[in-house]
Amino acid sequence: MCTIQVPTKNSKPIWLSNPSYTHLLSKHPTLLSLLQNSNSNSHLKQIHAHILKSHDPNSLTALLEFSALSDPKRLDYAIRIFRSLNPPTIFAFNTLLRSLSASNHPHQSVHLFLEMLHCGIAPNKYTYPFVLKSFSAELALLPGKTIHGHAVKAGSASDPFVHSSLINIYSICGEIMDALKLFDRTPNRDVVCWSAMISGLVRQGRFREALGLFNEFQIAGLEPNESIMVSLLCTSAHLGALEQGKWVHMYIQRNGVHLSIKLGTALINMYCKCGVVEDALKLFGKMKRRNVLVWTALISGLAINGMGRRALDMYQEMLRAGIRPDSVTFVAVLTACSHGGLVEEARECFDAMRREHRLIPKVEHYGCMVDVLGRAGLLNEALDFIKSMPIEPDIVLWRALLNACSMHRNVEMGEFVGKFLIHQDPLYDGNYILLSNVYAQAKRWADAIVVRNIMKERGVKKCPGCSTIEFNGVVHEFFVGDKSDPQFKELRPMLDEMSRRLKSAGYVPTTSEVLLDIDEDEKQEVLCYHSEKLAIAFGLLNIDSIMPIRIVKNLRACVDCHSATKIISMVFDREIIVRDRSRFHHFKGGACSCQDFW
DNA sequence: CTAGGGTTAG
């Protein structure tokens with residue numbers, strides 16, 4: 001006799017919210033009655049025993065499906081049931097492949113797929129999406145291509161699900177051209193096919209192309225689904241294109257789109273990355289469910305907007321709300337500390353991460369700590385910290401130290417770290433620039449020039465400064481010293497006006513970072529044409545005077561642009577918000593939100 | 001039984 005414990009009133013039927021389980025259970029009403037209110041493994045075993053006695057293969061498959069999909073921990077159990085099937089059905093194979101594709105070890109799919117072929121069972125249109133999903137997770141391009149070939153031969157490649165899965169794996173593996181080729185050849189593109197392609201472009205950082213494709217999508221008269229909206233928000237966040245991000249938000253509101261947790265996270269992230277923290281907070285307040293990703297997006301958003309203290313408060317609130325922080329949360333929390341100069345708080349968080357939250361710090365967490373210590377000027381301590389690390393420091397971490405050396409004008413350490421980094425990563429321009437800055441700040445011009453020459457000899461090009469500004473829904477781009485730009489003529493009077501007003505406000509250009517072997521006047525001239533200043537001039541000329549001027553640039557803010565922008569915000573009485581490659585600067589009334597600490 | 005999407009150090 002098999003005894004099944006009667007479920008109590010309070011036990012939660014957790015899987016009933018998941019459509020696949022309801023589907024499964026509806027096919028097997030007996031199982032439904034037994035499993036509906038039970039979530040314990042002993043029940044599972046009892047039911048298993050019961051089914052074995054009844055010799056009902058259908059029930060056994062149903063139990064396999066239940067074990068494979070209800071909880072990742074039950075996958076082993078599912079495999080044991082699978083092994084008892086002789087021969088396993090295509091459905092059993094698919095179910096296990098489906099479970100593996102969502103598990104932490106998707107690579108096992110390949111063995112199962114081969115076993116399937118070995119058993120003489122032909123994969124069907126359900127098999128391919130699962131296998132491809134597993135391979136995507138592993139970035140396994142070649143196996144993916146093999147599966148592609150299989151699907152073509154089997155006549156399944158034109159199935160819309162298989163087709164989208166193929167577009168997805170090619171773009172995840174960086175083979176955008178192949179993904180586009182498939183996309184172009186799609187006969188009746190459904191929305192998911194578009195969304196696979198758009199998200200593929202976004203994933204590869206090809207934001208302009210993604211926007212272009214979305215434009216085509218709209219022309220085709222289709223309505224975006226949630227995935228496309230998330231991809232668009234991600235694009236807006238990367239480009240700092242607030243207008244476009246707001247458009248998506250308006251679309252959501254106008255069409256009564258359900259604000260899912262993913263969509264909410266994407267919106268919060270977009271507002272933070274566009275420098276509009278208030279709107280991010282407003283949205284956060286409206287969200288009914290908040291998981292660790294939502295909280296982390298907000299904490300990191302506050303951090304990059306110079307609200308380190310507020311970010312830490314948020315983190316405490318998250319703990320009080322019973323949400324467990326993950327490894328990414330700690331990156332955000334430590335970033336908040338580093339941008340806010342909160343050294344002690346950072347140390348506490350770093351310790352709490354291990355002790356209280358049982359998370360092993362990864363290289364990025366050590367990197368954050370080096371950044372915290374380095375920015376605070378504790379360079380020797382930062383170096384000792386690196387020496388005591390139980391894992392190998394990476395290039396990014398060393399670069400944080402070099403950056404700190406440059407900030408705090410420590411030539412000895414800067415020279416050592418800079419040379420080491422150039423040796424490690426000779427093709428990266430940033431290392432040369434930082435080292436030559438370190439020399440220039442110490443007025444060691446000859447050394448600075450040597451570094452620049454080595455860079456030139458090796459054909460390493462300095463990434464040109466570029467600033468963008470959104471106006472009337474169009475993103476305008478300005479490059480450093482780009483006098484050939486037709487807009488430059490129009491900007492000229494405003495640039496002169498800026499110069500005049502800056503001078504009368506007592507502004508003195510900071511030329512220590514200009515390395516060219518030229519005289520002081522020329523250096524000042526070079527600084528005037530930094531892309532950021534061109535964009536500000538454009539903003540002052542075109543953007544409505546009650547609106548803040550929002551600029552996104554590709555490099556870190558240079559010292560001169562930073563001090564000049566502070567004064568411009570005062571003498572022109574304009575709020576100027578600049579996003580540099582790692583954080584925000586909110587300039588207002590002559591001061592910056594970063595408190596000159598970036 | 002199937003495809004797509006959210007947070008991450010400088």
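Each chain gets a letter, A, B and so on, in the order its sequence line appears, and its residues count up from 1.
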Looking at [X], I'd like to know whether one of its side-chain N or O atoms comes within less than 4.0 Å of OP1 or OP2 on [N].
{"X": "A:Asn269", "N": "B:dT7", "value": "yes"}
{"X": "A:Ser300", "N": "B:dT7", "value": "no"}
{"X": "A:His339", "N": "B:dG10", "value": "yes"}
{"X": "A:Arg375", "N": "B:dG10", "value": "yes"}
{"X": "A:Lys273", "N": "B:dG6", "value": "no"}

If you only use heavy atoms from C-beta on, which nucleotide in [options] is closest to the side chain of [X]?
{"X": "A:Ile261", "options": "B:dG10, B:dG6, B:dC1", "answer": "B:dG6"}
{"X": "A:Cys368", "options": "B:dA9, B:dA3, B:dG10", "answer": "B:dA9"}
{"X": "A:Lys133", "options": "B:dT7, B:dG10, B:dA3", "answer": "B:dA3"}
{"X": "A:Glu364", "options": "B:dA3, B:dT8, B:dT2", "answer": "B:dT8"}
{"X": "A:Glu65", "options": "B:dA3, B:dC1, B:dA9", "answer": "B:dC1"}
{"X": "A:Thr296", "options": "B:dT7, B:dG10, B:dT2", "answer": "B:dT7"}

Assign [X] to base, sugar-phosphate, or nothing according to its heavy-atom contacts below 4.0 angstrom with the strands shown.
{"X": "A:Val294", "result": "base"}
{"X": "A:Asp580", "result": "nothing"}
{"X": "A:Asn291", "result": "base"}
{"X": "A:Asn403", "result": "sugar-phosphate"}
{"X": "A:Val162", "result": "nothing"}
{"X": "A:Val331", "result": "sugar-phosphate"}
{"X": "A:Ile228", "result": "nothing"}

Quiz item: Is the distance between the ring centroids of A:Tyr126 and A:Phe161 less than 6.0 Å?
Solution: no
Quiz item: Does the gap between the ring centers of A:Phe284 and A:Trp295 come in under 6.0 Å?
Solution: yes
Using atom [atom1] of [X] as one end and atom [atom2] of [N] as the other, report the distance to the nearest whole Å.
{"X": "A:His258", "N": "B:dG6", "atom1": "NE2", "atom2": "P", "result": "17 Å"}
{"X": "A:Asp159", "N": "B:dC1", "atom1": "CG", "atom2": "C1'", "result": "13 Å"}
{"X": "A:Ile167", "N": "B:dT2", "atom1": "CD1", "atom2": "P", "result": "19 Å"}
{"X": "A:Ile268", "N": "B:dT8", "atom1": "CD1", "atom2": "C1'", "result": "16 Å"}
{"X": "A:Leu112", "N": "B:dC1", "atom1": "CG", "atom2": "C1'", "result": "14 Å"}
{"X": "A:Asp326", "N": "B:dT8", "atom1": "CG", "atom2": "C1'", "result": "9 Å"}
{"X": "A:Leu298", "N": "B:dT7", "atom1": "CG", "atom2": "C1'", "result": "11 Å"}

Quiz item: Side-chain contact, heavy-atom cut-off 4.5 Å: A:Arg354 with A:Leu359?
Solution: no
Quiz item: Would you call A:Arg556 and A:Asn403 a side-chain contact if the rule is heavy atoms closer than 4.5 Å?
Solution: yes
Quiz prompt | Test log, rule side chain to side chain contact (heavy atoms under 4.5 Å, CB included), inputs A:Thr329 and A:Asp326 | solution = CA-CA 5 Å; A:Thr329 312; A:Asp326 65 10; 2.9 Å; yes
Quiz item: Which of parallel (below 30°), tilted (30 to 60°) and perpendicular (above 60°) describes A:Phe385 and A:Tyr366?
Solution: tilted
Quiz prompt | Face-to-face contact A:Tyr126 to B:dT2 six-ring, under 5.5 Å, under 30° | solution = no
